[in-house]
Amino acid sequence: MNTENTPALEIVDATLELGDGDSRVRALDAVSLTVRAGEFVAIVGPSGSGKSSLLAVAGALSNPDSGSVRVHGTDLSTLSKGASAKFRLENIGFVFQSGNLLPALTAADQLRLAGRLAGNRKVDAESVLDSVGMAHRAKNRPGHLSGGERQRVGIARALVNAPSLLLVDEPTAALDRARSHEVVQLLADQAREQNVAVVMVTHDHDVLEHCDRVLEMVDGSLGAVRTA
Amino acid sequence: MFLALRELRFARGRFALMGTVIALISVLVVLLSGLSSGLVNDGVSGLKAMPVTAFAFDEGTMKDNAFSRSVLEEDQLAPWRDAEGVQAAEPMGVSIVNSTTDDGKQVDLTLFGVDTDGFIAPKTSSGEGLDRADGIVVSETLKDDGVAIGTVVTLDRIDVELTVVGFTEGQATFGHVDVAYLPLETWQLIASNTAQPGVPTDATVAAADYSLFSAVAVQAKDDADVDLAAADEAAGTTSMTLTESFNASPGYEAETLTLSMIQVFLYVICALVVGAFFTVWTIQRAGDLAVLRAMGASSRYLLRDSLAQAVVVLLVFTGIGVAAGVAMGAIMPDAMPFELEAGPIATASVLTIVLGLLGAAVAVLRITRVDPLAALGGRR
Ligand SMILES: Nc1ncnc2c1ncn2[C@@H]1O[C@H](COP(=O)(O)OP(=O)(O)OP(=O)(O)O)[C@@H](O)[C@H]1O
Ligand SMILES: [Mg+2]
């Protein structure tokens, strides 16, 4: 199954409804999306249009009501809860808004913990940090890192288990313009170097130039905006 | 433990604050345990030391203070001697008196009137045993009051003069009062209220027409079970095993119950304090936990880590508290009935840790309710 041509992410006709009764909303409406390894896709769209829901479905955090989601050939709907957690550890990297690092851990330990969770006790944290330009802050806790530095460590943490898919939720929300460009450039570089598929949700139209493809989400439907 | 230890180091202020409470609770638990052991020894060490299986009191005697309340007649002794499985049964007289030593010191004594060569006759650590009518063997603890062999003790009001002829092996107290063993006949003379002031002699003792006593001390044959109920029926008595009889000593039950209740409260407080801390701590970390769950960490891993954290905190701070409690116990004034015994202290420490862990376990269970979806933007 895991051949060169298998897309890293393949969503077909995914529909997701959230809430109950009157407040029931269709967060995803027959969404289809295919992302190749090494491809960097950005998703833009107004608030509440379903962008986070798309990441949740792609990241095995929610199951769509209908349609299918395959990550590197594995149909996520076939996984039990425990199996999908294990699958996330090994195949999917998450980068959250403002890094979401654990306050108690140094930059290097953030990576080591991610490795340990996946059963790898010999993570070379320094060299992965080096690849995001953060080797010199390896011993700093998040409290002593700037927003951009935190985001870099967050990216390094997401890459530590060599995932095939990187899901990124508003990585530049807390950053200034220059820092935003650096971080998104880093993601674009990593996508190419590590041959990992990246899906990034953003409100920040400035950074779209670094992406291979930009899609727009409106009321739960995904459509093309432009090709970079 | 990877995360647990780093969090402990990172949030050491918060953990130290909670740990201090645990340590203080442990100090109290140790002090109470010492006080408890001390009170038990003070209350019943005189009984504990006896090679007795059971005591029989007059039928219907109120359990509290049964030793000094009960009055038995001579013919109630024989059925006990004849009962199946009984090695020996001897009369014993118990009364509590005020007295004054020859250097003017006032001491309270529990008089144990016993057969001078029977099985409950005291073993002495110094001096001779009981043989003369006016001789008493007293608790070693009386040495603190300046009592020595040859000290003459005068019983208040009736002015009977008794002479210390020996000391027991270790502490022998009953209802917080030092025990003085004396021949049963002398005890009966004193109990008869016909004693003349001065030194009782074999002649005055023999002249007393009084054969009542307080209790029958029963010793079972090795490996034999005595049918206490049947013997009670035959003798018209109510019997208690040695341990049951502790409750018949003055104040014993009230004291031990009070202390046990305080100890139980401390354990509950420990569980609640640790539980409350870990509840707040888990809620504070809810965002971090959601991120970890989204990354793929299992709830089991996170639960194990959090419990390990609780174990470390409880072990360290209970250890500190127990050490401090033992150190404080060592400098307690002699007047306080305080006895540090390894067994009760170990039990108390383990209970503190276990109850604390129970509180932590209930609190960290909410980890299983953390929704990994919460880690995604806009839903925190
Ligand atoms: N747990 C939920 N229960 C009910 N409705 C929900 C829930 N989560 C999200 N929704 C709704 O689903 C829709 C899509 O939400 P989603 O979070 O995917 O939007 P978004 O595009 O990420 O928005 P934003 O840009 O503000 O983060 C919204 O209308 C939202 O109100
Ligand atoms: Mg969102």
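Chain naming here is simple, since letters A, B, ... match the order of the sequence lines and numbering starts at 1 in each.
Only the backbone of Leu101(A) comes within less than 4.5 Å of a heavy atom of chain B; no side-chain atom from C-beta onward does. When heavy atoms are compared at a cutoff of 4.5 Å, Asp109(A) approaches chain B by way of both its backbone and its side chain. Neither the backbone nor the side chain of Ala118(A) comes within less than 4.5 Å of any heavy atom of chain B. When heavy atoms are compared at a cutoff of 4.5 Å, Leu89(A) approaches chain B by way of both its backbone and its side chain. For chain B, the nearby parts of Leu113(A) are the backbone and the side chain; heavy atoms of each come within less than 4.5 Å.
One distance of note links CZ of Phe10(B) with OG1 of Thr106(A); it measures 11.5 Å at 0.5 Å rounding. Rounding to the nearest 0.5 Å places CZ of Arg141(A) at 7.0 Å from CZ of Arg9(B). For the atom pair Arg112(A) CZ and Leu3(B) CG, the distance stands at 14.0 Å (nearest 0.5 Å).
No more than 12 heavy atoms of other residues, nucleotides or ligands shown are found within 6.0 angstrom of CZ on Arg121(A). Surrounding NZ of Lys48(B) are more than 12 heavy atoms belonging to other residues, nucleotides or ligands, all under 6.0 Å away. A 6.0 Å sphere centred on CG of Asp65(A) holds more than 12 heavy atoms belonging to other residues, nucleotides or ligands. Under a cut-off of 6.0 angstrom, the local environment of NE2 in His203(A) is crowded, with over 12 non-hydrogen atoms contributed by other residues, nucleotides or ligands. Asp176(A) CG: more than 12 foreign heavy atoms inside a 6.0 Å radius.
Counting all heavy atoms, side chain and backbone alike, Pro372(B) lies closest to Leu61(A) at CB-CD2, 3.8 Å. Across every non-hydrogen atom of Asp288(B) and Pro103(A), the tightest pair is OD2-CD, 3.2 Å. Considering every non-hydrogen atom in both Phe94(A) and Ala294(B), the closest pair reads CE1-O, 3.3 Å.
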task = Report the C-alpha distance between Leu376(B) and Val201(A) in whole Å, list the side-chain angles of each, state the deciding distance to 0.1 Å, and finish with yes or no for side-chain contact (heavy atoms from CB on, under 4.5 Å).
result = CA-CA 11 Å; Leu376(B) 285 179; Val201(A) 161; over 6 Å; no
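In this structure, Arg285(B) contributes its side chain and Leu102(A) its backbone to no donor-acceptor pair below 3.5 Å.
Residues of residues 295-314 of chain B that come within less than 4.5 angstrom of chain A, heavy atom to heavy atom, are Met295(B), Gly296(B), Ala297(B), Tyr301(B) in numerical order.
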